[in-house]
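Below: one structure, written as structure tokens.
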Amino acid sequence: MNWLTSLSGVELALIATAFTYLMTAAGAALVFICKKVGGSAFSLMMSSAAGIMLASTFFSLLLPAMEQAAEPSYIVLSVSFVAGGILIIVTDIVIGKLHFFSDNAKKRSSVVMCIAVTMHNIPEGLAVGVACGAAISGDAASTVAALMLAVGIGIQNFPEGMCVAFPLRANGMSRGKSFFIGQLSGAVEIVAGLIGAAAVTAVSGILPWALAFSAGAMLAVVCSELVPESFAAGKIKATIGVIAGFALMMILDIAFG
């Protein structure tokens with residue numbers, strides 16, 4: 001932990017986003033050994049990730065933004081939060097209007113899924129980078145909060161890697177190419193994370209805006225992607241997963257705070 005707290009925001013962001021990328025790659029790698037993953041396991045993975053990310057939205061992003069924003073802080077938080085959410089909404093609308101492979105529903109679904117996962121990974125990487133950039137050197141609490149946000153995103157990246165690789169394989173693509181495209185969808189998080197960390201480190205006063213913006217984008221991703229997908233496989237299991245994930249993040253934040 002002492003080594004981690006001594007790192008700069010950019011270095012910490014590189015490590016954190018490398019983990020989220022590797023989780024995407026690990027999910028895509030399952031295309032080499034199995035055809036599908038059970039609905040219960042998928043639901044628990046997605047719902048627990050949703051819980052961790054919901055808690056991270058408040059503890060790691062909104063709360064620090066509230067503490068550091070200039071008065072009137074509610075304007076900074078509200079405008080940035082809404083802007084982050086709008087980014088995801090607009091992205092979903094644009095993706096929904098794509099007409100690739102309109103003559104082949106299965107291929108179109110695979111392409112849209114790949115683009116959707118890649119686009120949603122950008123604000124997720126940005127959120128991790130901003131949280132890492134906000135971590136004060138030597139402060140274990142902010143470092144742990146940033147890393148736990150990366151853990152939550154990494155957990156939900158695992159099935160996302162599968163969601164990209166498996167449909168491609170089912171449509172006739174080789175296992176190697178399916179894996180390559182699946183893991184590539186997570187690589188954008190490293191770039192976005194480094195940009196986020198560098199921005200909040202270099203530009204004075206941008207941190208509260210960036211934190212709230214990332215929180216809005218993160219909440220939109222949870223509501224539009226993780227919650228519907230996890231609850232579709234069973235309400236009780238998904239609820240348990242969300243509560244467990246949120247409680248884990250809350251306990252760690254309080255323990256290290």
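Residue numbers count from 1 along this sequence.
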Distance from [X] atom [atom1] to [Y] atom [atom2], nearest 0.5 Å?
X      : Y      : atom1 : atom2 : value
Leu54  : Ser47  : CG    : OG    : 11.0 Å
Thr17  : Ile153 : OG1   : CD1   : 10.0 Å
Phe81  : Leu62  : CZ    : CG    : 6.0 Å
Met250 : Ile243 : CE    : CD1   : 10.5 Å
Cys132 : Leu149 : SG    : CG    : 8.0 Å

Minimum heavy-atom distance [X]-[Y], with the two atoms named:
X      : Y      : answer
Ala65  : Ala212 : CB-N, 4.2 Å
Ala16  : Ala150 : CB-CB, 3.8 Å
Val130 : Ser214 : CG2-OG, 3.8 Å

Taking [Y] as the starting point, is it possible to reach [X] by hopping between hydrophobic residues whose side chains are less than 4.5 Å apart?
X      : Y      : value
Leu184 : Ile190 : no
Met23  : Leu30  : yes
Ile195 : Leu87  : no
Val191 : Met218 : no
Ile155 : Phe19  : yes

Item checked: Leu147 vs Leu12, side-chain contact (heavy atoms from CB on, under 4.5 Å): CA-CA, chis, key distance, verdict -> CA-CA 9 Å; Leu147 293 178; Leu12 189 62; 3.9 Å; yes
Is [Y] close to [X] at the side-chain level, that is, under 4.5 Å between some pair of heavy atoms?
X      : Y      : answer
Leu77  : Trp209 : no
Leu126 : Phe213 : yes
Ile15  : Glu11  : no
Tyr21  : Glu189 : no
Lys177 : Ser174 : yes
Gln183 : Leu22  : no

Item checked: Check against side-chain contact (heavy atoms from CB on, under 4.5 Å), Ser48 and Val242 -> CA-CA 5 Å; Ser48 61; Val242 171; over 6 Å; no
Next item on the list: Keeping the roles fixed (side chain from Ser185, backbone from Gly182), state whether a donor-acceptor pair exists under 3.5 Å.
Entry: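 It does hold such a pair.
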Checklist line | Exam field: side chain Asn157 to backbone Thr20, donor-acceptor pair closer than 3.5 Å | finding: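 Pair found, side chain donor or acceptor close to backbone of Thr20.
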Checklist line | Atom CZ of Phe180 with >12 non-hydrogen neighbours under 6.0 angstrom | finding: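 No, CZ of Phe180 has 12 or fewer neighbouring heavy atoms, counting only those of other groups under 6.0 Å.
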Next item on the list: Could you tell me which residues satisfy ring-ring contact (aromatic ring centres under 6.0 Å, His included) with Phe32, sequence neighbours excluded, listed by chain and number?
Entry: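 Phe32: ring-ring contact (aromatic ring centres under 6.0 Å, His included) contacts with Phe179.
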